[in-house]
Amino acid sequence: MADTKHNSEDYLRMYSQMVRIRAFEDNANQLYLSAKMPGLTHMYSGEEAVAVGICEALTDNDRITSTHRGHGHCVAKGADFKAMFCELLGKEEGYCRGKGGSMHIADQSHGNLGANAIVGGSMGIATGSALRAKMQGSDDVTVCFFGDGATAQGLLYEVMNMAALWSLPVIYACENNGYSEYTKTEEIAAGSITARAEAFGIEAHSIDGQDVLAVNDLTQKLVARARKGEGPFFIELKTYRYHGHHVGDINRAYYRDKEEEAIWKEGRDPIINFGKWLEGEGVASPEELKAIEDEIRAEAKAAVEYALEAAYPDASEVDMHVYAATDPATLRPDA
Amino acid sequence: MADTKHNSEDYLRMYSQMVRIRAFEDNANQLYLSAKMPGLTHMYSGEEAVAVGICEALTDNDRITSTHRGHGHCVAKGADFKAMFCELLGKEEGYCRGKGGSMHIADQSHGNLGANAIVGGSMGIATGSALRAKMQGSDDVTVCFFGDGATAQGLLYEVMNMAALWSLPVIYACENNGYSEYTKTEEIAAGSITARAEAFGIEAHSIDGQDVLAVNDLTQKLVARARKGEGPFFIELKTYRYHGHHVGDINRAYYRDKEEEAIWKEGRDPIINFGKWLEGEGVASPEELKAIEDEIRAEAKAAVEYALEAAYPDASEVDMHVYAATDPATLRPDA
Amino acid sequence: MREITLSKAVNEALAEEMRRDETVFIIGEDVAEAGTPFKVLSGLVEEFGTARVIDTPIAEPGFMGLAVGAAMTGARPVVDLMFGDFIFLIMDQLCNQAAKTHYMSGGKLNVPLVLRTNLGATRRSAAQHSQSLHALVAHIPGLKVALPSSAYEAKGLMKTAIRDNNPVVIFEDKLMYNDKAPVPEEEYLIPFGEANILREGKDITLIGTSSMVQVCERAAELLEAEGISAEVIDPRTIVPLDEETLLASARKTARVIVVDEGHQSFGVTSEIASRINEKAFYHLDAPVMRMGAMDVPVPFSPALEDLTVPTPEGVADMARKLVAGEMIHAA
Amino acid sequence: MREITLSKAVNEALAEEMRRDETVFIIGEDVAEAGTPFKVLSGLVEEFGTARVIDTPIAEPGFMGLAVGAAMTGARPVVDLMFGDFIFLIMDQLCNQAAKTHYMSGGKLNVPLVLRTNLGATRRSAAQHSQSLHALVAHIPGLKVALPSSAYEAKGLMKTAIRDNNPVVIFEDKLMYNDKAPVPEEEYLIPFGEANILREGKDITLIGTSSMVQVCERAAELLEAEGISAEVIDPRTIVPLDEETLLASARKTARVIVVDEGHQSFGVTSEIASRINEKAFYHLDAPVMRMGAMDVPVPFSPALEDLTVPTPEGVADMARKLVAGEMIHAA
Ligand SMILES: Cc1ncc(C[n+]2csc(CCOP(=O)(O)OP(=O)(O)O)c2C)c(N)n1
Ligand SMILES: Cc1ncc(C[n+]2csc(CCOP(=O)(O)OP(=O)(O)O)c2C)c(N)n1
Ligand SMILES: [Mg+2]
Ligand SMILES: [Mg+2]
């Protein structure tokens with residue numbers, strides 16, 4: 001695996017964070033299947049090493065932008081189960097007071113600028129966050145997560161051009177899970193995804209997104225360089241989503257076959273494989289890993305129960321937060 | 001110069017077409033300076049070899065899309081001076097009945113789908129025209145003209161992706177005149193323009209846009225290949241605009257210097273250089289070339305006078321052509 | 001008469017027109033094998049092939065632009081825009097290009113294309129997948145705008161849209177895809193600019209668009225039980241707008257409520273109310289009242305989302321007040 | 001008091017706010033050395049440098065997106081959009097992102113940015129460089145919309161916009177950049193949502209926005225000569241809208257014309273007329289009349305273009321009819 005030095009604590013936190021994502025998604029899926037969740041949601045299961053490998057290379061001051069498939073990024077950037085499940089169920093204690101839901105979920109206090117229901121919609125936001133960092137002399141880095149399908153959006157090329165021209169501290173993280181809804185990537189992406197970034201003079205890498213240490217290692221290096229003004233960077237992370245495009249996409253034989261799913265789930269699972277590696281390295285025993293998982297699953301279950309009981313926002317909230325307040329004092333000439 | 005075989009007639013037509021563009025622009029500029037033209041306009045002078053080299057490789061059935069700097073494309077695709085000057089002056093006999101003006105000018109009957117005042121605005125239109133050709137089994141090719149500045153528009157990457165995926169008969173012709181309004185290209189374009197097309201798997205060429213034969217030669221080859229389904233292609237044409245960004249942009253010292261202008265105007269003029277070549281090859285004498293020019297200038301002058309006297313559209317036209325008529329017969333169930 | 005879903009009705013309209021005219025084609029995301037996420041197009045690729053039912057990359061401005069170019073040169077594209085909210089991405093191609101080409105070319109070029117998309121909240125899809133943005137396109141000269149209110153309407157309006165020589169935007173209501181209505185087997189088209197009077201009445205006129213037609217009908221039933229006779233009218237297309245039918249009803253009942261699912265402010269209800277006020281003012285006993293969606297981004301939480309759109313009870317309430325003359329106090 | 005151009009007034013507002021708050025920056029095409037094609041920003045790059053007056057590539061969606069991200073994380077961008085017509089290109093970033101972020105985040109994230117752009121026809125710039133598209137953004141909750149009608153207004157509204165914690169869109173009139181007006185040397189701000197009564201009157205109210213304020217004032221002069229006393233009001237911001245001032249005037253004069261340079265249908269005049277009709281109906285002697293731009297793409301030809309926008313004579317004509325009670329025949 002990777003060559004950056006980690007201590008056991010780092011390893012175990014990465015493992016835990018991946019398990020947290022999986023546990024969150026399994027519960028979200030159950031909520032949907034048992035008709036307890038309003039609307040739809042997109043599962044991150046299978047892609048955990050991407051979010052965790054990257055976010056573990058970031059500080060709370062670094063920012064990320066997320067996607068419609070955003071629970072994984074949210075957990076990886078430090079969010080709490082309770083506030084996440086409350087958001088998923090439209091409850092007042094949710095991160096967005098129930099106003100955002102799955103597609104806009106974000107623990108804003110940890111630098112998550114939000115999931116986004118417009119494919120590619122946050123590419124400008126991430127790049128703008130990096131522009132602000134550079135302008136204000138702050139050394140934080142922003143990571144922009146998006147899918148392979150999103151590389152079809154012209155906005156990406158507009159913002160990469162500016163990021164390259166101005167050496168902005170932004171990392172474009174393309175989660176290539178092989179599909180854009182019900183369509184294979186090769187049917188909708190001509191040429192090479194990394195070459196598209198390179199054409200703008202951006203250093204691009206393509207790596208195995210199932211290997212959390214490899215992802216973390218590369219990200220650490222790029223983040224350090226981005227902090228020094230050597231950005232932007234582009235990473236293509238090869239990964240796979242275990243579920244359908246969204247929770248309701250159950251019969252997917254017409255666009256991908258079960259064998260393919262089995263190859264990834266059985267042979268390339270980021271959690272299982274990292275678990276085995278931890279065991280092999282003597283970092284943790286199977287029992288210890290099991291205990292970690294049990295504890296996380298119990299926490300998730302409790303959070304779900306809490307969220308199911310939690311209150312909806314009051315009707316009076318419906319027209320709150322359309323506009324942010326501006327302190328009248330700042331609108332005076334002498335302010 | 002180029003190695004494709006031409007006969008004298010072809011050469012002289014190319015020469016004439018370039019002179020026609022220069023003569024048109026000189027008159028348009030005078031109209032502006034003498035306050036006889038409404039609004040502003042963008043001169044094509046200096047870039048003649050691009051439009052002519054390309055359009056001379058096309059048939060009337062082939063389509064082009066043009067830009068805010070569109071007079072050159074319009075002339076090169078076969079338009080008539082009278083209807084062009086009438087359009088420039090907002091007269092009823094203009095190609096667009098005076099409703100379009102300089103920025104929307106087009107001789108539609110020769111396959112010009114229109115100048116466009118939105119930078120990059122016609123990239124989708126050109127690609128869609130090519131999609132139609134492929135779908136309907138027609139062998140026409142569409143050329144999409146746009147500037148170096150327009151390569152910043154995300155739309156280009158969206159449509160190049162589709163053109164590449166579907167092998168559409170479209171040629172993207174990037175007129176790189178070194179400037180995007182008052183800004184040098186290198187300040188607003190990161191990396192390499194041709195590499196951006198290549199990243200989508202599109203064959204890209206970069207050539208001297210002041211050499212009409214080189215442009216024509218390459219275009220002939222690419223058009224022939226595009227007709228056979230080997231498209232799309234991308235050509236970067238290095239060229240220069242002699243005037244300001246628009247006719248009102250007179251004091252431009254703050255963004256480009258007179259020496260640079262002189263180098264291009266004196267050393268690299270596409271008309272002068274091609275004229276010298278024609279003389280050297282014995283295709284035409286200096287007197288013959290002068291006669292061609294005189295005739296064209298006289299025609300332009302007459303067309304300007306005609307247009308100045310021509311009638312404005314009647315007031316009743318103001319709300320005509322908002323909607324195209326639909327024959328009521330086609331709206332019957334049995335139609 | 002057989003009953004079919006709105007989904008099936010749209011599917012039939014497309015299939016019939018594609019059989020009739022080989023220049024008609026469909027372009028959009030996941031329209032072929034997947035038949036769109038709403039499954040409205042299922043089966044079409046089997047009949048017409050991937051050359052005429054074209055799956056695109058996720059590049060809305062791009063494929064909208066392609067459609068404009070194809071339309072200008074002799075094809076009749078039907079663009080599938082998965083969610084009405086994505087219209088913001090294609091506004092330039094739709095409003096600066098498609099809408100203006102005929103005019104800017106002095107009538108020389110046509111852009112016969114259909115943009116099919118949707119509107120409607122209460123699907124718990126949050127602020128970027130729930131908007132009803134038809135007012136925006138209605139503001140742009142050169143575009144026509146159709147708002148089907150049932151399976152029957154959806155089929156007839158779609159067929160007319162495809163044959164129209166202009167860019168037409170059709171907004172289907174996402175929540176109505178599975179709603180059934182009687183639809184004849186025989187071919188029919190619904191002309192643009194002819195409003196439909198669904199129910200005659202004499203005390204008040206309820207003008208509803210899209211899904212709000214159902215809301216108005218239910219309100220009319222509530223009112224009927226109380227002895228208030230409401231006329232319900234569906235304009236069908238808001239551009240062109242059948243002013244005559246709306247004005248005649250307003251002059252007859254003297255009281256009007258306009259109900260639409262777009263945001264109320266600067267929206268469709270404002271336009272219709274203004275036209276009626278302007279041209280039937282002296283016949284009115286009360287101001288024309290508007291009921292649009294609240295002027296808030298659509299909230300995700302079910303507890304909030306349902307508050308943002310007009311309901312039959314709300315419309316009936318307002319009608320009662322108007323009939324009772326209570327709006328005088330508001331003035 | 002000294003008189004300065006609208007252009008200079010905007011320039012001063014930006015300079016003052018950039019001095020006051022170092023998180024304010026400008027981003028757009030040719031804003032630095034060139035100072036924009038309209039030269040409104042000349043001199044700013046000299047004072048604030050290229051780090052705060054940022055020239056971008058021609059990538060409107062891109063730099064609008066950057067501004068949203070910068071605003072969300074602690075800066076106050078002023079986005080320069082060269083022509084109002086290009087707003088179609090940035091609608092997604094403006095309306096799906098900037099406008100909704102505060103709400104969708106449950107109030108946790110703010111997007112304090114200003115989009116400065118322009119409106120106005122009759123510059124012979126044809127259909128893609130002449131539109132007045134403010135109605136579109138006014139329809140989207142979460143955005144504020146300011147329409148300065150003079151140099152004085154432009155400066156005061158711009159300063160307020162920059163300090164506001166929300167996305168604000170300011171449309172300047174392209175034809176007014178060289179118009180001078182008295183502007184105090186001392187600092188001042190103009191609060192949002194407070195209409196300005198430019199002229200008191202008793203027979204009719206003329207509500208005008210942006211350049212149409214001048215048109216209304218000139219109409220009022222024409223009318224005065226005939227003994228008709230017109231009140232002229234400038235709402236200044238259409239979101240938020242100062243309903244109270246408009247309603248009070250309508251109740252007083254009983255006759256209202258709303259004049260705006262956007263297309264009339266589904267436009268700003270419809271909204272203002274509807275609100276007045278709804279809330280002052282029983283005080284009105286005549287319908288509130290709307291005068292917007294014609295519902296046609298803006299034609300290039302001078303012979304046609306001038307016909308598309310409201311004129312002082314046209315407004316005075318309409319006012320005469322209303323005062324004479326002639327609109328009864330229209331009804
Ligand atoms: C602008 C836009 N177009 C289309 C959609 C519908 N949509 C949602 S997710 C998705 C596929 C995204 O694919 P990818 O970027 O690869 O992400 P993945 O779902 O694979 O994680 C599509 C088309 C959308 N939400 N936004
Ligand atoms: C979308 C859009 N943005 C900005 C403009 C203003 N504008 C007109 S021409 C131009 C520069 C175009 O540069 P380039 O593409 O290199 O063409 P050139 O003028 O050099 O021929 C700009 C910014 C516009 N018309 N459309
Ligand atoms: Mg994907
Ligand atoms: Mg250029």
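The figures that follow rest on heavy atoms only: side chains count, while hydrogens, waters and symmetry mates do not. So that the names make sense, note that chain A is the first sequence line, chain B the second, and so on, each numbered from 1.
- Neither the backbone nor the side chain of C:Pro61 comes within contact range of chain D; no heavy atoms are under 4.5 Å apart.
- Heavy-atom neighbours of chain C within the stretch residues 87-97 of chain D, taken at a separation under 4.5 angstrom, comprise D:Phe88, D:Leu89, D:Met91, D:Asp92, D:Cys95, D:Asn96, D:Gln97.
- Proximity to chain D is absent for every atom of C:Ala126, based on heavy atoms less than 4.5 angstrom apart.
- Your options are D:Gly262, D:Pro141, D:Ala99, and the one with the most heavy-atom pairs under 4.5 Å with chain C is D:Pro141.
- The contact between D:Val296 and chain C is made by backbone and side chain atoms together, counting heavy-atom distances below 4.5 Å.
- The shortest side-chain heavy-atom distance between C:Asn277 and D:Phe281 falls under the 4.5 Å cut-off.
- Within residues 266-275 of chain C, the residues having any heavy atom less than 4.5 Å from a heavy atom of chain D are, in residue-number order, C:Phe266, C:Gly267, C:Val268, C:Ser270, C:Glu271, C:Ala273, C:Ser274, C:Arg275.
- Interface remark: D:Leu241 contributes no atoms to any contact with chain C (heavy atom separation under 4.5 Å).
- Ranking D:Gly142, D:Ala127, D:Gly106 against chain C, the residue ahead of the rest is D:Ala127, based on heavy-atom pairs under 4.5 Å.
- Within the 3.5 Å criterion, the main-chain N or O of D:Ala135 finds no donor-acceptor partner in the side chain of C:His139.
- D:Phe300 and C:Tyr103 have their aromatic ring centers separated by at least 6.0 angstrom.
- For D:Leu133, the part lying near chain C is the side chain, with the backbone staying farther off; criterion is any non-hydrogen pair under 4.5 Å.
- With hydrogens and angles disregarded, a donor-acceptor distance shorter than 3.5 Å links the side chain of D:Glu278 to the backbone of C:Arg290.
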